[in-house]
Amino acid sequence: MSEAVFISAVQRITAGHLDLGGVITVATELVQAGQPSLAQQIYQVWIQFNPEHPQVYVAQFNRAGLNLDAGDVAGAKDALTQALAVNPEFLPAYINLGGVLERAGDLDGAIDQWRTVINKLASVTGTSIGYAIAALKQIGRVLADHQKMESAEVALQQCLTLNPRQYDVLGQVLALRMGQCKWPITVPWEGLDRKALVAGIHPLSMAVYTDDPMLQLAAASRYNTEMVDLQPEADLSCDRRHAAIDLNGRRLKVGYVSSDLRDHAVGYLMAELFEVHDRSKVEVFAYYCGPASTDGLNARIRGAVEHWTDIRSMTDAAAAAKIAADGVDILVDVNGHTRDAKTGLFSRRPAPIQVNWLGYPGTMGGPHHQYIVADPWIIPPDAELYYSEKVLRLPCYQPNDRKRAVAPERPTRAEADLPDHAVVFCCFNGPQKISRFMFARWMEILKRVEGSVLWLLHSTEETHERLRGYAEQAGVARERLIFAPKQHNAMHLARYPLADLFLDTSPYGAHTTASDSLWMGVPVLTLPGRAFASRVCGSLVSAAGLGDLVATSPQDYVERAVALGNDPAQLVALRTRLEAGRDTCDLFNMDKLVDRLEALYGEMVEDYQQGRLPQPDLTNLDAYFSIGTDLDHEGVEMLAVEDYPQIYKARLARRHLLRPLPSDGRFWTEADMVAAEALVGGVTAAVTPLPRKRAAGD
């Protein structure tokens, strides 16, 4: 059928009876029929017969898109160059040519193309502003990807000057500020006050910004509504929410969707999981949505799963259709709200059961995931109200690869620019996880442990200088901060034992970095909060047998670090305990984890078959979001606040008196409603300030 359409179109073109609009229509039909190469040929034929047509640049532009989809970067570059030769004012071609040059590795050339767009915009119109925004977004993205943080921030702030209500750009700017340790993070500028800035923080960055699990839930819910939810006209033909799960005569089909099944922290965690799965019970599918990868870890995972499908270039609808056709019973989201995620795929419900696990440290806050997999430490029963999903638990939520490669050459302290005889505190978490509150604690620790140093992961020189400046302001010599250059994972693991104690960050703690440290025998001191990201490290440390290194308060964290730093014998004893228990502790017991995970999958199926599949309750989350974004999270550390629920309860009561809120089973119950309404005609419901800090042990 497609070939007949193609032949007919060629005949009409050669006879001069098919205009450009008709060519575009035919090409679109061919692409939809799965024949993009024929569509490309149609454009080539029309261009050949109409070289002087005033709109030939449009055909070249469309042809470039098809070339790029086919992986023909050189062909796309040639077509876009020819389009601009015909019409140098066609701004979309500059934007796309920049993308082509980026893919070819010419970053400077790409940025030059995007700056050309900005320089050509003499008139201020809706269309021209749109092109300028598109170009600035591309510039900011590429600069950030290549660690040019300051320049990326400038480009994206220019973008916000044109339109301050760009939720995605605002989130990128704030994430860049976190990554550069620019405190405070939320500095208002024209058109954007602090509340608007906090409202623009991406859900993943919100876990870095504050230990406020209710705000994290509400922010995830808002993100789902504004950035993920399907349009009414979306194709729902692959919706399998009511599909039967009959396991008579077959295995359970489990699919994992991830962009990180490669040389990535999540890839290192999961590699052995796929090898340990019981193939007599589970048929494993992997759907990869990350960057092109041929590294050894990617190859290892491909070899361990039964079905590998690359969905990088697929639309959400096409990827969902593939998963539905595979008949997957349980679909596990290993991205959540992280980069390259396929959340829109999950919103199409291609599997009857959908699960949030491992890739994202928090709740999805949406209607599309029924379960979250955690453990008793990360989400204790009284914290389930902060999650839209039903909580199921493993002994320890994080898998680990016991086959991880460690370089045989172990560097010396001198080779790592570390002092031979001083206490070395380390933290290899990303710089975005360093809060001003935690940095102040670190400086107190360094001042009280004579001669000690803090070994951090390399970032940018600008960020290094900023941190050294903060240290000097706190009375700590700048040379006591030492930055470890980034290395391949095997070499990075080999240098861990040069450190004496890993100091965790808060409110977003160490995850893979903590298990790496514990695997290499370096004890980890952590300070847990209330939210998922702040409690993972406590779970890992406890599962490794060092529960006594979980601090009970901010001051307890400091005192324990100081005591250990001044007691080398105790540090040696902790290292000995770690090494003795490594092969038997829950943290590295993959057989136990996979056995329990498969049992959890069985529980999910039973829930489904019995009509007990949980349904997320998102009641009042818009109110929680508004309240949470009003709070000054950088003025008062939420982790240290004693009566956290009361912050929300008081403000919910006031809102309820102005506009009634239904009870939600979180902080707003029937009892709260009655108490608030009793105040009418009596004492006005007061909005309380942030409560006092938590006491030790709270």
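- The pair Arg402-Asp591 counts as a salt bridge, with a side-chain nitrogen and a carboxylate oxygen less than 4.0 angstrom apart.
- Not one N or O on the side chain of Asp69 forms a donor-acceptor pair closer than 3.5 Å with the backbone of Gly71.
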Using salt bridge (Lys or Arg N to Asp or Glu O under 4.0 Å), reason through Asp168 and Lys137 one step at a time and then give a plain yes or no.
CA-CA 10 Å; Asp168 58 334; Lys137 281 184 178 181; 3.2 Å; yes
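- A donor-acceptor contact under 3.5 angstrom links the side chains of Asp664 and Tyr624, judged on distance only.
- A donor atom on one side chain and an acceptor atom on the other are found under 3.5 Å apart for Tyr644 and Asp212.
- Classification of Arg251 and Glu306 as a salt-bridged pair holds, one side-chain N sitting under 4.0 Å from a carboxylate O.
- Contact of the Arg349 side chain with the Pro367 side chain is registered, since non-hydrogen atoms from C-beta on lie closer than 4.5 Å.
- Using a 4.0 Å cut-off between charged side-chain N and carboxylate O, Arg177 and Glu634 make no salt bridge.
- At a threshold of 4.0 Å, the pair Asp607-Lys390 counts as salt-bridged, since one of the basic side-chain nitrogens sits closer than that to a carboxylate oxygen.
- In the model, Tyr648 has no side-chain atom that pairs as donor or acceptor with a side-chain atom of Asp672 under 3.5 Å.
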Determine, stepwise, if the pair Asp333 / Lys342 fulfils salt bridge (Lys or Arg N to Asp or Glu O under 4.0 Å).
CA-CA 8 Å; Asp333 188 347; Lys342 286 283 188 180; over 6 Å; no
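- Under a 3.5 Å cut-off, the side chain of Arg404 and the backbone N or O of Asp401 do form a donor-acceptor pair.
- Residues Leu170 and Leu160 are in side-chain contact: their nearest non-hydrogen atoms beyond the backbone lie under 4.5 Å apart.
- Note on Glu102 versus Arg141: salt bridge recorded, some NZ/NE/NH1/NH2 to OD/OE distance being below 4.0 Å.
- In this structure, the separation between CG on Asp504 and OG1 on Thr513 is 7.0 Å, given to the nearest 0.5 Å.
- For the pair Leu331 and Val257, the minimum side-chain heavy-atom distance is below 4.5 Å.
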Let's go through Ile379 and Tyr387 carefully: what are the C-alpha distance in whole Å and the side-chain angles of both, what is the deciding distance for side-chain contact (heavy atoms from CB on, under 4.5 Å) to 0.1 Å, and is it a yes or a no?
CA-CA 9 Å; Ile379 308 181; Tyr387 299 85; 3.5 Å; yes
For Tyr209 and Tyr508, what are the C-alpha separation, side-chain angles and deciding distance, and is it a ring-ring contact (aromatic ring centres under 6.0 Å, His included)?
CA-CA 8 Å; Tyr209 182 68; Tyr508 196 128; over 10 Å; no
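- Side chains of His307 and Asp326: no donor on one and acceptor on the other come within 3.5 Å.
- Under a 4.0 Å N-O distance rule, the pair Glu603/Arg596 qualifies as a salt bridge.
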Decide yes or no on salt bridge (Lys or Arg N to Asp or Glu O under 4.0 Å) for Asp239 and Arg348, but give the supporting numbers first.
CA-CA 6 Å; Asp239 190 320; Arg348 288 168 168 80; over 6 Å; no
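- Looking at Trp357 and Pro399, their side chains come closer than 4.5 Å, going by heavy atoms from C-beta outward.
- Looking at Gln166, its side chain does come within 3.5 Å of a backbone N or O of Asn163 through a donor-acceptor pair.
- When only modelled atom types and interatomic distance are considered, Ser221 and Asn224 share no side-chain donor-acceptor pair under 3.5 Å.
- Without hydrogens or angle criteria, Arg222 side chain to Ala199 main chain gives a donor-acceptor distance under 3.5 Å.
- A donor-acceptor pair shorter than 3.5 Å can be found between the side chains of Thr338 and Asn335.
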Candidate pair Lys195 and Ser626, rule side-chain contact (heavy atoms from CB on, under 4.5 Å), full reasoning
CA-CA 9 Å; Lys195 181 179 176 69; Ser626 180; 3.5 Å; yes
Apply side-chain contact (heavy atoms from CB on, under 4.5 Å) to residues Arg262 and Tyr288 and explain how you reach the verdict.
CA-CA 10 Å; Arg262 54 187 170 90; Tyr288 180 67; 2.9 Å; yes
Determine whether Trp668 and Thr619 satisfy the following criterion, side-chain contact (heavy atoms from CB on, under 4.5 Å), listing intermediate values before the conclusion.
CA-CA 10 Å; Trp668 189 241; Thr619 306; over 6 Å; no
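- Residues Arg300 and Asp295 are not paired through a salt bridge, judged by the lack of any N-O separation under 4.0 Å between the basic side chain and the carboxylate.
- Atom-to-atom distance recorded for Arg339:CZ and Cys289:SG is 12.5 Å, nearest 0.5 angstrom.
- Checking His337, Gln370, Glu389 one by one against Asn356, the side-chain hydrogen bond (donor to acceptor under 3.5 Å, both in side chains) holds for a single residue, Glu389.
- Once rounded to the nearest 0.5 Å, the distance linking CE of Met270 with CD of Glu275 reads 12.0 Å.
- In this structure, Tyr223 has its ring center no closer than 6.0 Å to that of Phe625.
- A heavy-atom distance below 4.5 Å is not found between the side chains of Ile434 and Asn429.
- Although no hydrogens or angles enter the test, the distance criterion places a donor-acceptor pair under 3.5 Å between the side chain of His264 and the main chain of Val266.
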For salt bridge (Lys or Arg N to Asp or Glu O under 4.0 Å), just list the numbers for Arg530 and Glu637, CA-CA rounded to whole Å, side-chain angles, deciding distance to a tenth of an Å, and then say yes or no.
CA-CA 12 Å; Arg530 298 179 179 90; Glu637 186 179 23; over 6 Å; no
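- To the nearest 0.5 Å, atoms OG (Ser258) and CD1 (Ile311) are separated by 9.5 Å.
- No close placement of the His368 and Phe346 rings is indicated, their centers lying 6.0 Å or farther apart.
- Side-chain contact check for His511 and Gln398: no donor-acceptor pair (N or O, by modelled atom type) lies under 3.5 Å.
- A donor-acceptor contact under 3.5 angstrom links the side chains of Asp246 and Asn248, judged on distance only.
- Taken from CG in Asn620 to CG in Leu661, the straight-line distance is 5.0 Å, to the nearest 0.5 Å.
- Side-chain contact annotation: Thr363 with Ser388, donor-acceptor N/O pair under 3.5 Å present.
- Aromatic pair Phe274/Tyr256: ring centres closer than 6.0 Å.
- Although no hydrogens or angles enter the test, the distance criterion places a donor-acceptor pair under 3.5 Å between the side chain of Asn298 and the main chain of Leu261.
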